[in-house]
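Please read the structure below before turning to the comments.
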Amino acid sequence: MCGVIGMVGQGPVNQALYDGLTVLQHRGQDAAGIMTYDQGRLYLRKDNGLVRDVFSARDMLQLRGNVGIGHVRYPTAGCASSAEAQPFYVNSPYGISLAHNGNLTNADAIKRDLYLEDLRHINTSSDSEILLNVFAHELGELRKLRVNESDIFGAVAGIHRRCRGGYAAVAMINGYGVLGFRDPNGIRPLCFGRRDTGTGTEYMIASESVALDVLGFDLVRDVAPGEAVFIDLHGRLHTQQCADSPRLAPCIFEYVYLARPDSMLDDVSVYKSRLRMGRMLARKIQREWADHDIDVVIPIPDTSRTSALDLANDLNVTYREGFIKNRYIGRTFIMPGQAVRQRSVRQKLNPIELEFRNKNVLLVDDSIVRGTTSQQIIQMARETGANKVYFASAAPPVRYPNVYGIDMPAARELLAHGRDVEGIRRVIGADGMIYQDLEDLVTAVREGNDAIQGFDCSCFDGEYITGDITADYLLALEAQRADEVRQAREGGMGDAGDLAQVQASP
Ligand SMILES: O=P(O)(O)OC[C@H]1O[C@H](OP(=O)(O)OP(=O)(O)O)[C@H](O)[C@@H]1O
Ligand SMILES: NC(=O)CC[C@H](N)C(=O)O
Ligand SMILES: [Mg+2]
């Protein structure tokens, strides 16, 4: 899950895009980029690193113009090289750039077709470069010197016909404006907002509404699944449904972990959905463990705080902040590689002894994926003198790979894969263990918007809503992206197709 942003302003957009990306930083910490448009020229700055490290004051001055797009990356395909940072750019037709959140599940097949039939070369191993080239091909096929909005929407319809998987993207077309579109299942989030200024209306498209909030934009609405929104250079908004049979089935893991709690996603407050997850879990504890001896509920910061709060309220047990988080360390789960994830838990979280000594504690996390956090945290709680250490997860066991934009490619890396709850409890070393039921998780989110037809719950139930995921696909994904494979392949960074590095070499 990367973060994307796009804007057509009445004045320079560089600072707003930068600020918006810092607010979306929780969606990707590996690379960042901005591309702007000014009087027929495009300006690009992208590199590996956090937003604050990628853009110097000088870079910002060079990002000229009132129109632009931006991206923060958490890779799910390709490699970690800076050549795969986004936005991507292709010069024909018109000069198009694109930033993508999600993952294409038929990337290999499209790449072949792009080469053999459309005579297009893909220079990286990123699926986002493929998505851009499909769009460029569809637009180029019209063979027009000038296109109009309906041509642009027609090209998005072409993307929906050719691409499978999850994609929420923004694109900038040189001389035309900024486009946002979402896959026909609406797996990854995308919304847009407006801000009225003395000189006219400005529009912004973003992965999460929190980016609009912070910049003073009013949320207009979510982009519908399959829909495209286009803001032309005069700041006029055009929208059109571009898919044949769209249906809203957003990724439920956005609500569990990925999104910021102060965002609205598909009309559901992420914060309120997490409070409800906590209440649901409290009720399960009351049902199945009425005579519990929990003295204190302690969240594992940051994400689980919200659900732990209402879990404690509903259980009528004291809530305490027992771990203090180092605010200068990012999110562990989206770090590349198990070694760095392992190290960062200790550096990031430190216990307050008095909240643990001689107490029976219930540690609450939003989810357990590889078990990196839970194993170390339980050990810390014990070393700090806790009597009993119980563990609760506000999401069900994560047992299956994600193929739509979350980097969980290998089932065998998932703690819960092939294990029952008792087996998981033993591995993480807890005295007791409780997981949310999937049905309750769905209820907790859907209560915010009962128009949501379904969710992508694939990492919990192994059902892939795009219908194209076979056992062979999952095996190939694992062979390509499992931790140790990537470690061996990438070691440092870069790969043979890394143009940026080739050029930089003496
Ligand atoms: O089982 P694991 O593989 O450890 O993954 C799950 C953990 O990772 C995430 O925390 P993270 O540190 O990424 O972010 P947070 O500070 O937002 O909670 C999540 O909130 C869990 O704590
Ligand atoms: N997490 C994402 O959305 C990743 C986008 C794209 N697949 C990449 O790897 O760069
Ligand atoms: Mg966490």
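None of these values were measured; they are calculated from a predicted model. All values below come from the heavy atoms of this structure, side chains included, with hydrogens, waters and symmetry mates left out.
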Open item on the list: Using ring centroids (six-membered ring only for Trp), state whether Phe88 and His71 fall under 6.0 Å.
Closed with: no
TODO: Please list all pairs passing the salt bridge (charged side-chain N to carboxylate O under 4.0 Å, His left out) test where one or both residues lie in residues 206-219, with sequence neighbours left out.
DONE: Arg27-Glu208
Donor on one side chain, acceptor on other, [X] and [Y], under 3.5 Å:
{"X": "Thr372", "Y": "Gln342", "answer": "no"}
{"X": "Gln86", "Y": "Ser128", "answer": "yes"}
{"X": "Ser125", "Y": "Glu84", "answer": "yes"}

Holding to side-chain contact (heavy atoms from CB on, under 4.5 Å), I want the full list of residues that pass it with [X], two or more places apart in sequence or in another chain.
{"X": "Arg331", "answer": "Met1, His26, Gln29, Tyr257, Thr303, Ile334"}
{"X": "Thr470", "answer": "Asp472, Tyr473"}
{"X": "Cys191", "answer": "Ser209, Leu212, Leu219, Asp222"}

Task: Ser367 (side chain) donor-acceptor with Ala395 (main chain) under 3.5 angstrom - done: no
Task: Side-chain donor or acceptor of Arg399 paired with backbone N/O of Arg419 under 3.5 Å - done: yes
TODO: Please collect all ring pair (Phe, Tyr, Trp, His ring centres under 6.0 Å) contacts where either partner lies in residues 357-401, sequence neighbours excluded, each pair once.
DONE: Trp289-Tyr390
TODO: Give every residue pair that meets the ring pair (Phe, Tyr, Trp, His ring centres under 6.0 Å) criterion with at least one member in residues 408-432, sequence neighbours excluded.
DONE: none
Task: SB check Arg188 Asp183 (cutoff 4.0 Å) - done: no
Identify, with sequence neighbours excluded, every residue that meets side-chain hydrogen bond (donor to acceptor under 3.5 Å, both in side chains) alongside [X].
{"X": "Glu321", "answer": "Arg305, Tyr319"}
{"X": "Glu478", "answer": "Arg412"}
{"X": "Arg221", "answer": "Glu227"}
{"X": "Asn103", "answer": "Thr76"}

TODO: Please step through salt bridge (charged side-chain N to carboxylate O under 4.0 Å, His left out) for the pair Asp431 and Arg382, ending with a clear verdict.
DONE: CA-CA 11 Å; Asp431 294 303; Arg382 290 203 192 284; 3.1 Å; yes
Can you give the donor-acceptor pairs under 3.5 Å from side chains of residues 322-329 to other protein atoms, not counting sequence neighbours?
from: Lys325; atom 1: NZ; to: Asp302; atom 2: OD2; distance (Å): 3.3
from: Asn326; atom 1: OD1; to: Tyr328; atom 2: N; distance (Å): 2.8

Task: salt bridge (charged side-chain N to carboxylate O under 4.0 Å, His left out) between Asp407 and Arg486, worked out - done: CA-CA 12 Å; Asp407 197 30; Arg486 250 184 298 171; 2.9 Å; yes
TODO: Over 60° means perpendicular and under 30° means parallel, so classify the ring planes of Tyr74 and Phe333, tilted if in between.
DONE: tilted
TODO: Measure up the Phe192 and Tyr203 rings against each other and bin them: parallel (under 30°), tilted (30 to 60°), perpendicular (over 60°).
DONE: tilted
Task: side-chain hydrogen bond (donor to acceptor under 3.5 Å, both in side chains) partners of residues 267-284, not counting sequence neighbours, each pair once - done: Arg279-Asp310, Arg283-Asp314, Lys284-Asp437
